[in-house]
Amino acid sequence: MSADLVPETRVLAIASHVVYGHVGNKMATLVMQSMGCDVAALNTVHFSNHTGYRQFKGTRATAEEISNLYEGLCQNNLTDFDVMLSGYAPSAAAVEAVGAIGQDLQRKAADRPGSFFWVLDPVMGDQGRLYVNDDVVPAYKNIIQHADLILPNQFEAEVLSGIKITSLSTLAAAITTLHSKYSIPHVIITSVQLSKLSPSGESSLPASPTTSNLLTVIGSTTLSTGEPRLFRIDVPALDCFFSGTGDMFAALMVARLREAVFNDSDTGLRDTKSWVSKDGVHATELPLARATEKVLASMHDVLEKTIEARDKQLKATAAEAGDVTGGDEAEIKKEHLRRTKAAEVRLVRNVRYLREPTMEFKAMEWVSEGRP
């Protein structure tokens, strides 16, 4: 195996597809293939571009179509996957179909603990609002109990746990609930702005720089008692809105977590159900924490390069900029499209940062005194 490739990994990636740009499986497939993973992509939608453009053409796969594609794999004995990564599904029925696929793959691997791992990104919404139908929420609540690792953002963690995250103690309570209520071994909340949370005097966080311009990733692997082992990693918040970063995070996590498990000093971990480390392993030494450090390093490198390219493109196309001061609808739309296109993640030219990130961010243990 090449030194810059992760252990050989066969992945079934179930997510959206776009013709232009990098989101969903278009993002995840390239990321995982660049890391040395063999990826089978099952697409849940086929769109011309991501929805951030506010206009798109394409189709959504039905639950039956998703199930039929998987049945075709089964007919030909093409289901020897090590990992399943599931992302956006366009309906509650589609979520249920994806859940059935994950559970079937788990059954096929039941006699070989650790041989199959399911990473689930419960794509439902962000910034306080759902962008899926309401019935998708209970569908996810029914299937996340079968996943090994879930990757909700703050809003999705609130929806799944039933706990509004307004303080450090409620953040810890949300993670604890996700572990206990759904028996999920690993949880990462992918974006929290701690400066907007109240300490409430109930939680203790290690000293760190001001959090006003930081995003924090909070992760946990459960103990045998069901209690969380919490860690946090702070990263600078970049002044740009990107589409597809959640998909990049999830795809990198597939590769880096498997790498961390295979490189762990506990050689039996790879043969342990859900890759849950022994209770004596501290939060910052968990494979989940080590993987997250590399994931965030790669993302920061790629996104910094994206901002540089965005600024150059906006400068080069400045003459095309519409005059939005008068509120002309056509010019506003034109300017939005120009800026959205400029902010497309520059992945292809920067794949080297996926394999060789600039390691800057370290996991810190989070001891929550008010944790239930």
Side-chain angles (χ1 to χ4, degrees), residues 4 13 15-35 37 39 41 47-56 85 87-88 121 123 126-127 151 153-154 188 190-193 212-217 233-256 291-321 334-361:
D4 60 353
S16 59
H17 172 80
V18 294
V19 175
Y20 187 94
H22 290 91
V23 303
N25 261 347
K26 188 78 172 294
M27 169 71 81
T29 299
L30 178 55
V31 168
M32 290 187 287
Q33 288 175 334
S34 298
M35 301 291 289
C37 300
V39 183
F47 287 167
S48 55
N49 48 268
H50 69 71
T51 58
Y53 284 91
R54 301 176 188 166
Q55 55 187 2
F56 58 91
L85 171 60
Y88 177 74
D121 184 1
V123 182
D126 201 1
Q127 303 296 319
L151 305 172
N153 58 35
Q154 180 177 332
I188 296 178
T190 55
S191 58
V192 179
Q193 196 157 2
S212 61
N213 61 344
L214 293 176
L215 289 177
T216 299
V217 171
I233 303 177
D234 297 330
V235 296
L238 299 175
D239 186 22
C240 183
F241 177 79
F242 307 100
S243 293
T245 52
D247 306 302
M248 184 192 294
F249 185 98
L252 282 166
M253 182 55 66
V254 166
R256 290 304 188 186
T292 306
E293 290 174 345
K294 287 190 174 181
V295 168
L296 292 174
S298 287
M299 290 187 64
H300 190 71
D301 285 342
V302 172
L303 295 179
E304 279 196 323
K305 294 297 183 183
T306 295
I307 287 180
E308 291 176 10
R310 177 205 63 173
D311 291 346
K312 289 180 182 177
Q313 184 170 336
L314 288 177
K315 184 177 180 180
T317 60
E320 303 172 15
K334 179 181 177 183
E335 180 63 3
H336 171 74
L337 295 176
R338 185 178 77 95
R339 290 187 171 275
T340 302
K341 181 181 178 182
E344 288 277 7
V345 175
R346 303 310 202 276
L347 185 62
V348 174
R349 300 284 290 183
N350 295 293
V351 291
R352 65 185 183 278
Y353 296 112
L354 304 181
R355 296 182 184 177
E356 301 175 4
T358 307
M359 297 298 292
E360 297 182 54
F361 315 114

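If you're wondering where the values come from, they're calculated on a predicted model, not measured in any experiment.
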### Query
Can any side-chain N or O of H336 pair as donor or acceptor with the backbone N or O of G52 at less than 3.5 Å?
yes

### Message
Would you call the rings of F56 and F47 parallel, tilted or perpendicular, taking 30° and 60° as the class edges?
### Response
tilted

### Query
Is there a side-chain contact between T340 and H50 (heavy atoms, below 4.5 Å)?
yes

### Task
Hey, could you give me the CD1/CD1 distance between I233 and I188, rounded to the nearest 0.5 Å?
8.0 Å

### Message
Please report the interatomic distance CZ(R352) to CZ(R349), rounded to the nearest 0.5 Å.
### Response
8.5 Å

### Query
Just checking, is any N or O donor in the side chain of D234 or T216 under 3.5 Å from an acceptor N or O on the other one?
yes

#### Entry: Derivation of the side-chain contact (heavy atoms from CB on, under 4.5 Å) call for D301 and N350
CA-CA 8 Å; D301 285 342; N350 295 293; over 6 Å; no

### Query
Got V235 and E360 here, is their nearest side-chain heavy-atom distance under 4.5 Å?
no

### Task
Check whether any side-chain heavy atom of L314 sits under 4.5 Å from a side-chain heavy atom of R338, and report yes or no.
yes

### Query
Are T292 and F249 side-chain neighbours, meaning at least one heavy-atom pair lies under 4.5 Å?
yes

### Query
Considering the options M35, Q33, M32, which one meets the side-chain contact (heavy atoms from CB on, under 4.5 Å) requirement together with L354?
M35

### Task
Would you give the length of the straight line joining atom CD of E293 to atom OG of S298, rounded to the nearest 0.5 angstrom?
12.0 Å

### Query
Is the closest side-chain heavy-atom distance between L337 and Q55 below 4.5 Å?
yes

### Query
Side chains of M248 and M299: does their closest heavy-atom pair fall under 4.5 Å?
yes

### Message
Applying ring pair (Phe, Tyr, Trp, His ring centres under 6.0 Å) as the test, list every pair that has at least one member in residues 338-359; sequence neighbours left out.
### Response
none

### Task
Look only at the side chain of K334 and the backbone of E320, and say whether a donor-acceptor pair between them is shorter than 3.5 Å.
yes

### Summary
So SG of C240 and CG of L303: to nearest 0.5 Å the spacing works out to 8.5 Å

### Query
Could you give the distance from CD (E344) to NZ (K341), rounded to the nearest 0.5 Å?
9.0 Å

### Query
Do K305 and E308 have side chains that get closer than 4.5 Å, going by heavy atoms?
yes

### Message
How long is the straight-line distance from CG of D121 back to OG1 of T190, given to the nearest 0.5 Å?
### Response
7.0 Å

### Message
Contact between L85 and M253 at the side-chain level, heavy atoms closer than 4.5 Å - yes or no?
### Response
no

